[in-house]
Structure formats: C-alpha cells, structure tokens
Amino acid sequence: MSEPVKSQTIRVVVNGREYTRTVEARTLLVRFIREELNLTGTHFGCDTGHCGSCTVIVNGRLIKSCMMLAIQADGMSIETVEGLANPDGSLSPIQDAFSAHHALQCGFCTPGMMLATKYLLEHNPHPTEEEIRRGIKGNLCRCTGYVNIVKAIQSLANNEEVTL
Amino acid sequence: MSGTTVTTQQTARTQWSGQSIPRKEDERLVKGQGRFADDIRRHNEAYVYLLRSPYGHARIRRVDVRAAQEAPGVIMTLTGDEVREIQKPFMEIAPPPGGYIEDYCLAVDKVRFMGEPVVAILAETAEQARDAADLVDIEYEPLDAVVTGEDALKDTAPLLHGKVGSNVVWHGLYDWGSVEEAKRQADKIVKIDRLHFHRFTSTPIECNAAVVEYYPGSGEYTFWCNNTMPQFAAMFMGPALGIPTDRLHFVTQDIGGSFGNKITTYVYLTICAILAKKSGRPVHWTEYRTDHILGGSHGNERTFLDIEVPVLNDGTILGLSARAIDDCGAYPRYEPLGSVIWSQVVPGVYRFRNVRIDYTQVVTNKCPVGPNRGYSRLQHMWMLERVIDIVAHELNLDPVEIRKKNYIKPDEMPYETPNGCVYDSGDYPRCLDMALKLINYDYWRQRQAEVRGTGKLIGIGIGSTLDSGTNNFGQARIINPELPFSGNGEVANVKLDLYGEVVVTIGTTPQGQGHETTAAQVVSDILGVSPDRVRVLIGHDNARNVYTGFSGTYASQFAVTGLGAVQGAAQKLKREIQQLAAGMMGSDPEEIELVDGTARVVGRPDTAIPFIGLANVVFANNATMPEGLDVSLNCTYTYRPPFKVPDVERKFGNLTLTYATQIHACVVEVDEATGETKILDYAAVDDSGRLIHPQIVEGQVHGAAGLGIGAALYETLEYDAEGQMLTPNFYAYKAVTALDVPMIKTAAIESPSPFSPNGAKGMGEGGGAPLHAICSALQDVMRQTSRAIVHDSFNPSERVYRLLRQQPSARRGVEVISNRS
Amino acid sequence: MLLPELEYVRPSSVTEAVGLLNSLPDAGLLAGGQSLINVLKMRIGGYRTLIDISGLAELAVIDHAQGHLRIGAGVTYDQLIHSAAVSLYRPILSEVAARIADQQVRNRGTIGGNCCYNDPTCHFPPILSAVGASFEILGTEGRRTVSADEFFVSYYQTALNPGEMLVAIEVPEARPRSGDAFVPLSVGGTDVLNVVTGAASVLLAEDGSIRDARIVVSGVAERPLRIAAVEQALLGTRGDGDALDAAFRLWDGNQLTPPDDVHASGEYRLAMAPVFARRAVEEALVKARRDFDE
C-alpha cells in the first residue's frame with residue numbers, strides 16, 4: 001500500500017521547460033509556480049477559487065492553480081501566461097487582440113483571462129457572445145466591465161486566419 | 001459655453017493626442033511581465049502574517065505569544081502593547097473631539113472591528129508565520145457592538161472610542177439659499193423618511209502587498225508596495241514612527257487596480273516598517289482576499305433621513321433638506337474628508353438653489369472605509385436621483401421630463417452652484433437624449449405596456465451624474481480649519497537623457513488608466529517624436545520621480561493635473577531644445593521646429609540636429625556649448641489649478657476644477673414571481689471634455705458601469721448585530737461576472753473644459769450612475785405595481801420581491817403635503 | 001492560501017483508497033478538490049492526510065448498460081457535459097453540469113464530490129433525487145447501494161459511514177415521453193449561488209397524462225425534499241395550469257425551517273420553493289411532450 005508523504009520531489013514541464021523540485025504536500029500549485037519557479041505572471045486575487053487570476057493550463061485542461069496541490073502536478077505539463085507569446089517574443093493573436101481592443105486596464109486578471117480565452121477558442125472556435133461570457137465566467141475583472149474583453153474574443157472568434 | 005462636438009466627428013487637432021494609440025503598458029502586461037507588489041523579492045526576506053480579531057467589538061484581556069515565538073521559523077511577534085510603546089497614534093483629520101480617536105497599526109486594548117489586526121508574526125516562510133498564528137492565545141471580553149449609523153447616535157450606543165465621548169467623528173450643517181423660503185413658495189412638499197446607501201467596495205483583483213526594508217545606514221525605509229497615494233501615507237506614517245517623512249521611500253510599479261481602495265494602507269505599511277526595523281530583515285506582507293474584505297477598505301455607507309423636497313406642480317424642484325448619517329467604520333483614516341467631498345456636487349446636475357444638509361459622520365464596529373470609486377459624491381447623487389424619481393412617482397410626472405425641467409441648461413455654463421462650485425461645461429439634456437436613443441426608449445415604453453400581465457415587468461431608468469475631478473484640497477479646511485492644505489497639483493519631469501532619449505517621470509500611481517501612454521502622447525506632440533520614442537518610467541518612486549503632496553492616482557484628476565504637468569515640462573524642454581539648437585546653428589529659437597526627433601530650422605530638413613546630438617553637447621561635449629546658454633535638458637514643471645481657499649464659515653468656494661458628465665439609461669426586466677432582475681439594455685453617455693485617448697476613456701466608462709451594476713444588484717458588505725462580517729470572501733461577496741454585465745452601449749460628446757490646461761476633464765471614477773439608473777428602473781417597475789418606494793441602493797432579488805408585494809396599506813415612507821390646500 | 005501541514009498519498013486503485021481510508025487516522029479523500037482545498041485554506045476543517053483519488057481511471061468512467069448510466073464518482077462536470085452517453089440517455093445531467101461554477105472548476109470538480117459535499121447549494125443532490133439515482137458505496141465490508149432519498153442525509157452529511165467511499169452513481173436512462181428539468185434561483189448573478197432549486201422528472205402515459213412525477217426542491221430543508229403530495233396530485237392529470245394550481249395548493253412549507261442567512265432569508269426561500277418546483281415541473285412537461293410532436 002502507498003505511504004503518505006509530507007513532501008515529495010516532483011517533475012513538471014512548464015512552458016516547455018522541465019523543472020524538478022521538492023515540494024511540501026500542502027503547497028498549492030499557484031504558490032509553487034510563483035514562489036518556486038518565480039513565474040510571477042500567474043497571479044492570485046482571492047482565497048476561494050473565484051477570481052481566476054491563477055488560471056493555468058495543466059495537461060491541456062484549464063484549471064485554477066489555487067485549487068490544486070503542486071504535488072498533484074507531478075509529471076504534468078503546465079502552460080502559463082509566460083508561454084503565450086510566439087517563440088520570437090512577438091505577441092500571439094490573443095495577446096494582440098487584448099491589447100488592440102483595450103481588453104486590459106490594470107492587467108492583473110489578464111494572464112488568467114487570456115488562458116481562459118485560449119482554452120475557450122481551442123474547444124469552440126466560433127463561440128456566441130453568451131458562450132464567450134460563459135467561457136470567462138470564472139475570471140473576475142474589475143476594470144473593464146468585461147465589455148472589451150468580450151469584444152477582443154469576438155474578434156478572434158470571427159477570424160478564420162487566426163492560429164492561436 | 002459653446003464648443004460641444006460629437007466625438008465621431010473629431011478633428012485632428014494634434015498628431016498624437018486624441019488618438020487611441022496602442023497602450024505602452026500592454027506588452028509587458030499581456031506577457032505576464034508586469035511587476036506587481038507581491039512579485040517583488042528581496043534577498044533574505046521574511047514573511048508577515050497578521051492575526052486578526054474574530055470579534056466586532058471586544059476588550060483584549062490578555063495576549064500570550066510565547067508558544068508562537070517558540071514555533072519553527074518564527075523570528076518575532078508584535079502585539080498592540082508593544083506598538084503602543086513604538087508608535088504614536090496616527091494623525092486624525094477630524095478636529096476634536098473626533099480627533100481624539102487613537103488609531104494604532106495593531107489593536108491596542110480593544111478591537112473595534114472583525115478583522116482588525118491584533119498580533120503580527122514574522123517568520124522565515126509564509127507558512128511558518130501562518131502556522132504560528134494558531135499558537136497565539138488571546139483572551140477577549142466581547143462587548144456590545146454598534147453596526148448602523150443610526151444606532152451609533154443613540155444615547156445607549158456602545159462607545160467605540162471612549163476619549164471622544166460619543167461615536168460622532170464630525171458634524172456639520174450645510175445650508176445654502178433658503179430651504180424655508182423654498183418651502184413657502186412650493187405647491188407641494190414631498191417628504192421621504194429614509195433612504196439608505198449600502199456598503200460595498202471595488203475589490204481590486206490584486207489585494208494589498210508590500211515588501212519593506214529598513215536601511216540603518218540612512219534611517220530610510222523602502223516600501224515596494226501598491227499604495228496609490230504615497231505622500232498621504234507618509235504624512236501619517238512619519239509622525240507615527242517619529243521620523244522625517246523623507247525617510248519613507250515608496251516604490252510602486254504595476255498596480256492591479258485600486259479604485260481608491262489602496263489609499264489607506266499606511267496602517268499595514270506601518271506594521272511592516274516596525275517589523276523590518278526590529279528584525280533587520282526585509283519583510284514581505286501579502287494580503288489575501290478574506291483579509292482584504294475584512295480589513296481593507298470599504299465604501300462609505302450613508303443613510304439619509306427626513307428628506308423634504310419643495311416642488312412646484314410642474315415638477316420644478318426648489319430645494320432639498322435632509323439629515324445624512326455617514327458610517328465610516330471603526331477608524332476614520334481618510335475620513336472625515338468624505339463629509340465635505342460630497343459637496344462638490346451639491347445640486348448634482350440640477351438647478352435648485354436651496355439646500356440644507358445636516359451631516360454627521362459616525363464610527364461603527366465595521367471595517368474602516370476609504371475612498372471608493374465615485375467617493376462620497378455617488379452617495380449624495382444617488383440620493384438626488386432617488387429624490388427626482390420619487391417626486392416624479394408621487395406627482396405622476398414623467399421621469400424624463402422632470403429631469404429636463406430641472407437640469408442646468410447648457411447656456412448657463414459655466415454655472416456656479418449654491419455653494420460656489422463652478423461647473424465648467426456640459427450639455428446634460430443632450431446627453432440624456434443620446435442615452436435614451438441608444439436604449440431605444442420609445443420601443444421599450446411600448447414593450448413595457450405589452451408585457452404587463454405576463455409575469456414580467458419592464459422598467460426604464462436614468463442615472464444623471466457628474467464626475468467632479470481635480471479637488472481643491474482647501475475643502476479639507478471646512479472639516480478642520482487647522483489643516484494646512486489647499487489647492488492641488490502634480491509635477492512631471494521631462495528630459496533628454498545622455499543619448500537623446502526622451503524620459504518622463506510623474507508623481508502618479510496608475511492602476512490601469514494608461515498614464516504611460518497618455519503622457520507619451522502629450523510629450524510626443526510637443527517634442528515632435530513618436531510615442532514609441534518617449535519612455536515614461538513605470539510607477540511612482542519618490543527617490544526617482546518628482547512628486548508633490550498630492551501625488552498619486554485618485555479623484556479623477558490625471559488628465560488635468562498629471563497631463564497638465566507633463567505638458568508644462570515638455571514645453572519647457574522644447575524651449576531649451578530650441579535655444580540650444582538655435583545657438584548651435586546661429587539662428588533664432590523661434591525659428592526652430594522639432595520634427596521626428598530632430599531640431600531644425602523651420603522647413604529646412606538639411607539643418608536637422610538629432611536629439612542625440614543635442615544631448616551630446618550638454619552632457620558629454622560641453623566645451624562645444626554655445627556661449628551664454630543655460631540649459632539642462634532636464635525640465636520639471638508643477639501644474640497648479642487656479643484655486644482659492646474656500647470660505648470655511650459659509651462652506652463656500654470652488655471645490656473642484658472640472659465636471660465630467662455621465663448620463664446612463666437602462667432597461668430592466670423583473671420577474672414578478674421572484675423579484676429576479678435582468679438588465680435588457682444599458683447605455684452610458686459621457687462628456688469628459690477633450691479626449692486625449694478615446695479608447696482609454698471609453699474603457700473607464702465601461703469599468704465604472706460594470707462596478708456600479710455589480711453594486712446595484714449583487715455586491716454588499718453585511719454585518720450582523722454583533723459585528724460579525726457575513727460576506728468576508730468571494731463566496732459571499734458576489735463580485736459581478738461576465739455573465740451579468742451587458743454590452744454597455746456608449747456615446748460621447750466633448751465639451752472642452754475652459755479651466756483645464758488641455759480642455760480635458762477628469763473622468764475615471766464615474767458618478768455611480770448604474771446604482772441610480774437601476775434604482776430608477778426599479779421605481780419604474782413599482783410604478784406599475786405596488787407603488788413602493790425604492791429606498792435602498794442595493795436591490796437583490798429578494799428585496800425587489802418584497803417591494804413588489806408591499807401592501808397598499810403599508811407605510812411607504814413617503815408623503816406629499818400640499819401647501820395651498 | 002496557506003494550507004496547514006498535510007500528508008498526501010496517491011493510491012493506485014479504489015480498493016487501495018478504501019484501505020488507506022480505513023487505516024490512516026484523520027484521512028479524507030481528495031477528488032476534484034474544488035471545495036475541499038478551499039476548506040483547507042480557511043483552516044476550518046478538512047483532514048490531516050489527503051488520499052488523492054483524482055487520478056483513478058476506474059472512477060472516471062461512464063458506462064451504459066441495462067437501461068442505466070453508471071457514472072463513476074470521479075467523473076468531472078466537464079466529462080459529463082461532453083459525454084455522448086449522457087447526452088443520449090439522460091441529457092439533463094449535462095445541462096446541470098454546464099451551469100456549475102466555471103470552466104476551470106468543471107475541469108476538476110466531480111459529480112461524486114458534489115454529492116458527498118452535499119451543501120444545500122450543490123447542483124447534483126436535487127437533480128439526482130429527481131431522476132431517481134442510486135449510489136454505489138464501497139467499504140471494507142464490500143459494496144452497497146442506496147437510493148438518492150437515503151444518500152442525502154442532512155447538511156454536509158450523506159449515508160457514507162466512516163471508511164466508506166462513493167464509487168459510482170447509477171441513473172436510469174430517460175424513457176420515452178419523459179422530461180427532466182432543473183430550475184435554480186441563483187442569487188448574486190447568473191448561476192452564482194443557488195439558494196433554492198426546483199428539480200423535476202415527469203413521465204407521461206400514451207394519452208399524455210402524467211404517469212409518474214418526481215418533484216424535488218433544495219435549499220429549504222436539510223436535504224433535497226421530495227414533494228410527495230404534489231407528485232400524487234398530478235398523477236393522471238395533464239399537467240395543465242389548473243392541475244398545477246390544484247397540485248401546488250397542497251404544498252405545505254409550514255413544517256420547514258429553511259436556512260436564514262446573508263444570501264436569502266428563510267421566508268424568501270420558503271416562498272420561492274413552490275415557484276421553482278412548479279417551474280421545474282412545467283419545463284419537464286414541455287420536454288416530455290416533445291416526444292409526441294416527433
């Protein structure tokens with residue numbers, strides 16, 4: 001039978017780069033990403049899983065990294081905001097659309113919001129306005145009233161040329 | 001005033017200002033490279049955890065931190081008893097007796113609100129600090145709590161601050177014109193018993209955070225933080241810590257929203273400062289959402305009692321009298337400034353000239369308030385809009401017509417209000433017409449009749465508001481004549497650097513308003529370079545940037561004060577460049593133009609000297625400087641609005657420089673069986689004077705509308721009778737999601753301000769118009785059913801359900817008295 | 001955000017998970033974690049040792065056999081939404097799952113976790129009661145199956161005994177001429193917090209009259225409440241306005257003491273219970289009648 005552990009060495013691939021670290025069982029994935037890997041583009045804005053600032057993609061699934069333990073991510077592949085830009089550093093279409101449509105003001109919710117957008121469009125390339133709003137419901141923004149975020153996503157949804 | 005234009009026809013007055021250029025801030029933010037306060041790391045930093053009061057009001061009998069001190073990783077603890085020896089109580093803005101309140105960074109002897117910090121623990125890791133908190137043993141003696149403004153004034157109310165002798169922070173009578181005379185002239189007097197503006201807050205998604213380091217060599221503290229009004233913080237912290245305020249070095253970079261909520265964090269920064277000095281370690285404090293809602297900064301809650309409105313039969317409102325009780329929570333902090341700030345908009349957008357408000361601010365066992373988007377004006381303007389709708393409702397007048405009848409007319413601009421404020425420009429009727437057109441008003445009036453009896457009810461509402469920007473801080477003297485403040489101002493520095501780079505610093509602390517972008521636009525137009533070539537340094541840093549006592553980002557003023565300063569500094573630099581280039585070319589400074597990053601004789605590209613060449617002469621090659629020139633290429637300018645000190649006795653004077661207009665209109669659908677309210681359409685028309693960056697302005701309009709919609713229907717901060725906070729996290733504080741903010745329709749007109757240096761008006765806060773518009777729409781629903789009065793600014797389904805079922809025999813809280821019957 | 005010290009173990013089978021649950025002190029199961037981890041953050045409860053069952057493939061399976069869907073307790077909301085079998089045999093479960101929280105939560109939260117948490121605002125307890133689900137429980141003594149009416153005991157309490165775990169939920173496939181509906185009263189915005197939920201499942205006879213009805217409300221009592229009197233009164237009727245009026249006159253909330261909290265008063269919940277129950281019946285009837293139109 002398996003034995004409980006207080007800490008464990010885990011291996012994760014984040015934005016294509018492999019990391020091996022020892023983590024306490026109690027460490028949340030968001031704290032691991034920020035404190036251990038120093039990838040501070042992943043934020044947190046609440047302590048109940050509501051705000052979505054800590055959103056990342058783990059093994060292809062959009063999740064909130066404040067409701068997953070780092071130890072659970074052992075062997076998994078993680079994508080954070082730092083992995084969004086094109087390899088040459090230029091902005092990806094989502095990043096570009098958010099900027100062009102003024103879909104960010106303070107920029108704090110933006111990393112999570114863009115990852116939610118990416119997941120939405122990968123699973124539903126032509127969402128309706130209602131589907132867009134449902135797709136980002138788990139990401140709170142206090143600056144924009146969501147108006148320009150929805151517009152930015154609509155611009156991507158209606159664009160056949162876009163490769164996310 | 002003339003000069004109103006529709007922005008869609010905007011003329012290209014300048015190359016960069018007025019254009020929605022890509023924001024300079026965006027690239028780092030969309031790449032996750034923004035640097036927010038909690039992202040800062042200092043070598044060898046230690047972590048703070050704050051143990052907070054579980055009680056709303058209790059005496060602290062005993063605090064035992066021994067076990068916590070022995071816990072793994074714990075470096076030290078700090079208690080209120082220790083703080084009392086180290087810290088002087090923070091300055092109070094109120095005069096005595098309200099000024100006798102003693103406010104420390106940790107609770108001393110008593111706790112006065114749930115969430116008040118009681119013990120600070122510093123440990124090697126954040127987890128260790130948190131774990132040790134479970135080992136602290138505190139004995140409390142619970143005390144009766146007071147949780148409403150009205151109860152706080154009762155003789156039997158528990159006292160929060162014994163030295164004050166009551167729970168009153170400040171009281172003042174505001175009386176302009178003659179309400180008594182207006183009542184004599186009126187056909188009717190509409191009396192409203194009570195209106196209540198609820199407590200909510202903007203909850204920026206980034207909570208507070210700080211890394212604080214003490215350097216014994218100079219006695220300087222450095223605060224990497226997200227405070228949005230650092231010199232206000234310094235004014236409280238310097239005396240409290242017994243050090244010159246210039247030893248307090250604030251650095252802000254990206255800030256994840258504030259909406260005013262991050263102005264009063266000096267209390268927490270003081271805890272960190274004490275720990276940093278005592279421990280000799282950089283200390284890192286992270287506030288989580290529950291901490292933030294319990295102990296951050298709430299919006300002011302205000303109750304209006306005994307409202308009397310003299311009116312003529314045609315709906316002309318002659319004046320208004322009321323009592324206002326403002327609940328500022330357990331400690332005033334920024335308050336009682338809100339007790340005067342509302343008077344920037346005494347009549348709102350209306351013409352009546354007789355106003356008497358008996359205003360009292362009290363403490364209660366709730367979280368202290370702080371400025372919150374629309375600060376103190378939105379409560380008052382909400383009351384005014386309720387009054388307009390209730391008068392229309394009771395006298396059976398059309399809500400649109402009564403507004404138009406009472407609006408200040410465009411040809412009356414600039415308009416002096418009864419208390420001496422000068423509304424600079426605007427066209428309220430036109431904005432209203434545009435808003436009604438956007439929601440297709442006639443269609444919905446027809447639909448409203450059609451859906452009656454189907455179980456659905458439609459209501460149409462209007463919110464007419466002003467966003468008063470650029471405070472005259474002299475109004476603080478109306479609160480406390482001893483305060484040495486007046487006017488306002490911001491400062492900027494624009495320079496050419498060693499290699500000809502254009503570098504700008506400002507005193508502000510932007511949180512999404514795009515200051516780097518708009519400052520660059522202004523500089524670009526003056527210096528003839530593209531905004532890409534203008535580097536605006538990120539954030540506030542009082543060891544690097546220039547600043548004034550007013551520096552920061554609050555109170556809708558950057559477009560006027562910040563850009564006014566940038567404009568002045570850039571113009572100074574332009575003159576220096578012209579002098580230098582003219583000297584180098586042997587021509588006249590007036591003949592030099594700046595084009596594409598060069599200085600040249602007008603129309604002669606062959607004479608162009610690039611900025612690097614000019615910088616080289618001044619900074620690295622100065623033996624070649626033309627004779628007799630005194631240029632530094634490093635220019636600072638302080639913009640000061642033309643203010644006078646208000647007349648404290650009469651409470652009279654110009655309290656703000658600009659008045660942006662926001663007129664909102666909305667359509668709601670109410671489910672008669674359940675009270676559920678859905679927004680069917682929403683429009684916001686704004687007049688923010690001359691626009692520097694239309695897209696940013698529109699974004700602010702959207703954001704203010706979103707927060708207002710949330711506050712009107714979903715968001716409330718509630719306490720029970722013992723002062724237990726019932727909504728301490730996002731489970732219970734239901735911050736509005738993307739599903740519940742509709743596509744806000746917007747339109748704008750531009751009435752340039754004659755008073756600001758660029759014709760712009762401050763506009764970021766908005767006037768809380770969604771609260772007014774949604775209440776107005778619900779009143780329109782009640783008009784068709786129970787004739788209940790919408791008496792609260794917060795209307796969740798349950799409240800709407802109850803209003804719909806209010807019996808005709810029930811006391812409605814409103815009465816119309818005929819004067820000449 | 002700072003959890004208490006924890007121990008963590010990841011069993012490789014359901015049997016091993018049950019073994020660990022029975023051998024470790026103060027141990028609990030970590031499924032999707034979308035509630036449990038928040039409880040741990042607040043340090044108001046939870047366990048010292050977490051047994052992580054989120055990776056157990058055998059819990060994440062949806063089968064269809066012999067007129068029943070068998071849904072593993074570890075099936076996520078997102079899996080339910082995209083399951084062809086669920087969409088075909090009991091589509092209401094997909095529809096309900098789609099209204100839970102948000103995409104992120106739906107990618108991790110599980111139907112089993114939702115049922116075992118059994119908060120009065122949870123989505124699945126009322127709808128599973130309405131569709132007559134049964135719950136497969138594994139303990140050291142073996143397997144047992146209980147009905148929804150038995151499973152949901154009281155606030156945050158289920159029929160699970162210490163050392164037992166929920167392994168699967170069985171839902172009968174929808175029959176011809178039947179319809180299911182889920183109509184919540186959400187406070188705080190659209191699909192934010194369901195303070196009262198009406199759920200219904202109706203089956204029509206060939207003549208269009210109501211042959212069977214299961215009507216449930218949650219949010220007014222310690223467990224999802226079947227409204228037997230209303231169900232009985234509707235049998236044999238055509239479920240038209242008059243029949244519903246007559247049936248719902250039998251609704252009696254006098255014995256109930258609904259929660260009275262910052263989200264909604266008990267009085268309001270009580271008033272809303274028959275409204276949402278009735279709306280659920282109406283919606284279920286509309287769906288059931290579609291089979292006649294086809």
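Small disclaimer: the values here were computed from a predicted structure and weren't measured. The analysis underlying the following values was restricted to heavy atoms, covering all of them including side chains, and did not include hydrogens, waters or symmetry mates. Per chain, numbering begins at 1; letters A, B, ... match sequence-line order.
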Polar side chain donor-acceptor pair, C:Asn118 to C:Tyr155, under 3.5 angstrom: no
Testing the 3.5 Å rule here: is there a donor-acceptor pair between the side chains of C:Arg279 and B:Thr674?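 B:Thr674 and C:Arg279 do not have a side-chain donor-acceptor pair below 3.5 Å.
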Would you say the ring centroid of B:Phe200 lies under 6.0 angstrom from that of B:Phe794? no
Counting only non-hydrogen atoms closer than 4.5 Å, does C:Val187 touch chain B with its backbone (N, CA, C, O), its side chain (CB onward), both, or neither? both
Between C:Asn38 and chain B, which part of the residue has a heavy atom less than 4.5 Å away: side chain, backbone, both or neither? side chain
Which one, B:Thr286, B:Asp671, B:Thr290, leads in non-hydrogen pairs under 4.5 Å with chain C?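 Ranked by heavy-atom pairs under 4.5 Å with chain C, first place is B:Asp671.
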Among C:Glu5, C:Lys41, C:Glu267, the residue with the most heavy-atom pairs under 4.5 Å to chain B is C:Glu267
Contacts of type side-chain hydrogen bond (donor to acceptor under 3.5 Å, both in side chains), residue B:Thr737, not counting sequence neighbours: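 Counting only residues at least two positions away or on another chain, B:Thr737 forms no side-chain hydrogen bond (donor to acceptor under 3.5 Å, both in side chains).
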Under 4.5 Å from any heavy atom of chain C - which part of [X]:
X        : answer
B:Leu739 : both
B:Glu718 : side chain
B:Arg289 : neither

Give, for atom OH of C:Tyr156 and atom SG of C:Cys116, the distance between the pair rounded to the nearest 0.5 Å. 14.5 Å
Partner of C:Tyr77 under side chain to side chain donor-acceptor pair (under 3.5 Å), chosen from C:Asn114, C:Thr110, C:Asn107: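 Output: one option passes, namely C:Asn114.
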Is there a side-chain contact between C:Tyr47 and C:Leu24, using heavy atoms and a 4.5 Å cut-off? no
Name, in order of residue number, those residues of residues 723-731 of chain B that have a heavy atom at a distance of less than 4.5 Å from a heavy atom in chain C; otherwise write 'none'.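 If one takes a 4.5 Å heavy-atom cut-off, the residues of residues 723-731 of chain B near chain C are B:Leu726, B:Thr727, B:Asn729, B:Tyr731.
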Assign the ring pair C:His123 / C:Phe182 to parallel, tilted or perpendicular, where the plane angle (0 to 90°) is split at 30° and 60°. parallel
For B:Leu717 and B:Lys366: C-alpha separation, side-chain torsions, deciding distance, then whether side chain to side chain contact (heavy atoms under 4.5 Å, CB included) applies. CA-CA 10 Å; B:Leu717 294 161; B:Lys366 290 149 85 171; over 6 Å; no
